[in-house]
Amino acid sequence: MTILQTTNVSKQYKMGEVTVNALNQVDLSIETGEFVAIMGPSGSGKSTLLHLLGGLDQPTEGEIALDGQALSDLSDKKVTLIRRRNIGFIFQFYNLVPTLSAEENVALPLLIDGQRPRDYQERVEHLLSLVGLAERRKHKPDQLSGGEQQRVAIARALVTEPAIVLADEPTGNLDSRAGEGILTLLRRLCDEMKQSIVMVTHAPKDAGYADRVVFLKDGKIVDEMRLEDGRDATDILTRLTELEL
Amino acid sequence: MKRLSTLALRNLRVRMTRTILTIAGVILGVAVILAIAITNQSIYKGLEALFADVAGNADLSVQAAAEDDAGFNQRAIERILTVEGVIAAVPSTSDATMLMLGDHEVSLTIYGIDPAIDREVRPYKVIDGTFLPDGDKYSVIVAEDFAERHDIEVGKDIKLLVADGVEAFRVVGILAKEGPARQAKVTMPLKVAQAVFARGQNIDSIDIVASEEIVKSADALDQLKATLQESLGRDYDVVYPAAKGRNIAEMLSGLWQGLSFFAVTALFVGAYLVFNTFSMTVVERTREIGLLRAVGLTKWQVTRLIMGEAFIMGLIGSLLGVLFGILLAIPMMRMMNATIGIDTDVFSVPSESIVFSVIVGMVVTVASALVPAIRAGRMSPVEALAVRSKGGASWLTKHGWKIGIALVAVSELMDYVSAPEEVQMWLGQLSLFMLLAGITLVVPAFIRLLEWLLRPVIIGIYGHEGRIGAGNVHRAVGRTSLTVGALTVGVMMTIMIGAMSASITADLQNWMETALQGDLFIDSFRPMRMRLKGELEALDGVNLVTPMRFQEIKVVGVISGGTFTPKTESPYLLAIEPQEYNRISGFEFASGQGDEVALVSQLAEGNAVFISTMLSEKYGIGQGDYVRINTRRGEHDFLVAAVIVDYLQGGEALMGSWQDLGRYFGHDKAHMFMVDVTTGASVEQVKQQIEAAYGATRHINVESGEELRERWLKDFTSWFTLFDVVAAIGIVMGGLGVINTLMMNVLERIREIGTLRSVGMTRLQVGKMILSEALVMGLMGGLFGVAFGAYGAYYAVIGMAESTGWTVTYILPKTLLVAGMIIALGISQLSALYPAWQAARTNIIEAVQYE
């Protein structure tokens with residue numbers, strides 16, 4: 001089942017006198033339980049696409065639908081509520097609230113939604129266990145390593161049981177070992193919980209964890225590759241070279 | 001250096017909002033200081049000029065030693081003219097009267113001059129008609145502003161109330177409103193004035209013109225003054241003409257000292273804002289500073305860069321502060337003129353005050369930026385480039401409370417230090433500055449505890465957003481403390497002024513209810529004959545009437561413990577019939593002075609006075625001591641029979657018997673009658689009866705006791721208006737501190753705000769979060785402000801009693817505490833609106849990518 005769909009989506013920005021076409025007629029579908037990696041060089045529009053998918057921005061043209069609901073013509077408040085309850089975000093720099101503990105950061109979307117702690121405490125504890133941080137739940141972000149903070153961010157992204165999780169270079173600020181741990185976790189979420197994930201990355205090794213890789217160049221999708229039948233990062237790298245990305 | 005200053009300017013331009021907010025703080029601090037200095041100087045010079053104008057070319061002036069309605073005999077002129085060096089001796093009179101205008105009357109003072117010689121002394125500019133003719137024709141000249149206001153023209157008559165009723169006077173000329181016409185609105189020939197006001201041969205003043213040789217030398221003029229004084233004797237005072245204005249201005253010095261204290265707090269809050277801004281700026285620009293160091297700027301150059309920005313802000317803020325100070329002085333002058341009841345018409349901007357204000361503004365700005373600038377210079381390039389934002393409490397935040405307590409303690413101890421009066425004021429201001437600094441440093445120690453205690457309140461008001469917002473206040477404890485400190489100072493000033501006003505007003509009301517218990521009070525534009533007392537007592541409903549007269553006297557010394565101490569004081573003597581006064585009203589005796597009935601009898605017997613607590617403190621005398629007063633019979637020692645609480649004439653009054661008034665000062669007319677209405681009779685009906693019987697014929701004014709007390713209270717409390725203005729400025733500056741801090745908080749947490757928006761926080765929720773942060777600061781500022789304000793007011797009341805003898809019961813109205821909290825909360829929320837709006841409209845994508 002298609003969980004997230006873009007139809008003919010374009011995005012233009014005005015930078016002074018110049019109009020920049022960040023995205024150009026992009027059609028993309030994400031299926032339930034699918035892990036999709038979006039790759040491309042700097043300026044290809046991959047982060048722009050991710051932001052549009054998450055309702056952080058609105059397309060200039062085209063439509064985006066999440067679980068059948070069009071996001072384009074909704075008010076900012078409605079989009080925000082959809083984002084709160086149906087989309088999970090994971091950022092490169094973790095973006096945790098420094099004054100909240102790990103468990104409070106995880107519960108943040110529920111806290112904002114006005115839910116009471118006794119209603120969500122169990123879920124929060126479960127997610128922290130899932131990411132291996134149950135014993136660190138009272139720690140503040142400055143007491144956690146980079147990898148641990150990103151795990152908290154992942155738990156936060158999952159706390160509302162979102163339709164989709166969007167990850168923007170989730171390992172970009174981690175060493176290779178920590179990064180591997182994150183990607184393994186994401187893969188597990190997809191396999192075990194059928195969590196749909198879209199991840200922007202520039203690293204073929206990271207993209208190798210996905211089910212499908214979408215290649216962007218100059219705001220357009222130029223190719224796609226399914227990672228089955230033993231294909232891995234090396235194949236992705238080869239394809240990137242062929243596409244001159 | 002030029003490149004650094006270019007960089008500094010650019011940095012200020014890039015952070016325009018913050019720059020403007022900070023400069024605003026400096027502007028306000030400098031403006032308040034300068035406005036007070038301008039108003040003080042203008043009033044002083046205005047009063048001097050006013051009285052000098054009246055004196056004209058006169059080099060010296062002769063008056064009766066005891067200010068006396070009757071004046072003195074003009075024979076004194078002959079004696080004066082015999083003194084070598086005197087060219088002219090020009091007599092004049094002044095009498096209070098009423099101008100009768102059809103449907104209403106206007107009270108004014110008429111001046112009687114010798115038309116033949118007065119122009120040698122005073123420059124009269126006739127703009128219509130002619131000057132006064134010599135002789136005894138009933139003619140007057142009128143000042144142009146007065147003529148315009150009352151529709152008076154040359155050739156027409158005006159009616160004036162004189163000794164024997166109403167008389168018509170022909171207007172012969174109109175004078176330009178300059179020189180003597182600034183004060184003398186209506187002038188007539190001296191002989192006419194003496195005749196119509198039943199002055200006989202008496203005059204009120206002789207203005208003396210000295211020879212050129214004497215005028216050229218200050219010593220020679222001094223010598224002439226001394227010679228004249230010796231020749232005339234102690235019944236006369238030979239003075240420099242402007243002295244009277246100077247005396248009035250000096251009476252206001254206490255008010256200016258009080259205002260200056262509060263101006264110091266305004267500047268202190270300005271310093272807060274500057275320190276706050278630069279601390280935040282350094283944090284924000286950590287990476288930039290790292291970059292500058294990496295490309296080769298030395299530590300000293302980095303420090304100079306930050307100091308350069310401070311210098312520019314200080315310069316702009318101080319210069320604009322001068323402009324605003326001049327503008328602020330205009331309404332302050334108006335308020336002051338209205339309060340003292342004299343239109344001084346001088347706006348003097350002393351250049352030394354401008355220079356002083358600019359220097360203070362710049363020094364405070366630069367000094368406040370020094371610590372952050374040094375901190376910036378000390379940053380290692382590697383550390384700075386690696387770090388995105390540095391948190392953690394500074395040494396000052398962790399340990400500053402110890403210094404704070406020490407500063408508060410030293411500030412308290414300084415109150416006990418004795419010093420000459422001119423130094424005392426500076427010491428007082430330094431003490432206040434240290435107290436404020438101490439409070440600021442102590443505040444951080446309480447931030448965490450207070451936030452924890454206040455959290456349920458915040459969550460109750462702002463929900464879950466409040467939970468996040470409240471937690472933010474102790475992320476940057478130093479910054480929060482400074483903002484809370486700024487709010488504390490504003491609220492503290494409000495509470496202190498309010499509590500002191502309430503305490504003094506309550507005491508005044510209590511005193512009035514004891515000392516002014518008469519049912520009716522009667523006064524007139526001229527002293528009233530005692531005959532009226534009997535006539536009033538004969539009316540239905542009148543039980544008893546007692547006279548009162550305010551007589552300016554000269555105290556030449558005091559005797560205490562057998563030792564004489566010379567003094568030169570001019571208090572007032574309130575002459576009363578003690579037994580009658582005690583029956584109608586009463587006295588508030590200071591404690592432990594014996595049987596009150598016996599004390600009143602002692603006063604009634606004569607040769608005794610009651611003195612106010614303030615004079616007791618001022619002269620250093622008490623019950624059983626003596627006051628030596630200059631009288632018509634020479635200097636006489638009056639026994640201090642008792643010390644009383646008395647607010648008449650600002651507390652500078654003695655009470656004496658009517659018998660002594662006649663015996664020693666030669667007066668028997670009353671300025672006021674206090675009336676006791678018979679029990680059961682209607683005060684209003686008796687009032688109407690008196691007005692009907694004597695209002696028109698005797699031109700008396702009848703006021704009920706309630707009306708009089710209300711009027712006096714209103715006049716008294718109007719003095720606090722100026723202090724309220726300064727307190728309001730303190731509150732505004734507290735608000736500026738909140739805006740400054742929150743703007744920086746928003747800037748520092750842009751990425752976090754972006755994250756919150758991305759996980760589903762709506763714009764409204766973001767706004768509420770910022771407002772809740774401000775609410776925490778407002779609550780803290782309010783609580784501290786109320787606590788320190790109550791403490792400050794208590795010690796101010798005690799200090800006032802110790803230094804002036806004016807003992808006041810300390811009152812702290814609960815409504816004032818509530819008002820203080822409401823002000824703190826209100827200003828914190830209002831100030832947070834803009835930062836909240838800014839935060840709410842954060843672009844999510846830019847924010848989450850912000851580094």
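In this text, all values refer to a predicted model and were calculated from it rather than measured experimentally. Throughout, a chain's letter reflects where its sequence line sits, starting with A, and its residues are numbered from 1.
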- If you tally heavy-atom pairs under 4.5 Å between each of A:Pro98, A:Pro109, A:Gly114, A:Pro162 and chain B, the highest tally belongs to A:Pro98
- Message: I need the contact set between residues 137-160 of chain A and chain B: heavy-atom distance under 4.5 Å, sorted by residue number.
- Response: A:Arg156
- Item | Per-residue contacts, residues 450-467 of chain B versus chain A, heavy atoms under 4.5 Å | B:His464, B:Arg467
- Query: Is B:Asn843 atom CG crowded by more than 12 heavy atoms from other residues, nucleotides or ligands, each under 6.0 Å away?
  - Reply: yes
- Message: Please report the interatomic distance CD1(B:Ile845) to CG(A:Asp168), rounded to the nearest 0.5 Å.
- Response: 10.5 Å
- Item | Interchain contact, A:Glu169 with chain B, by part (heavy-atom threshold 4.5 Å) | neither
- Message: Suppose a student defines contact as a heavy atom less than 4.5 Å from any heavy atom of chain A. Which residues in residues 753-766 of chain B would they list?
- Response: B:Thr755, B:Leu756, B:Arg757, B:Ser758, B:Val759, B:Gly760, B:Met761, B:Thr762, B:Arg763, B:Gln765
- Item | Counterpart residues, ring pair (Phe, Tyr, Trp, His ring centres under 6.0 Å), relative to A:Phe89 (two or more places apart) | A:Phe91
- Bottom line for A:Leu56: the part with an atom under 4.5 Å from chain B's heavy atoms is both
- Message: Report which part of A:Glu104 has an atom under 4.5 Å of a heavy atom belonging to chain B: side chain, backbone, both, or neither.
- Response: side chain
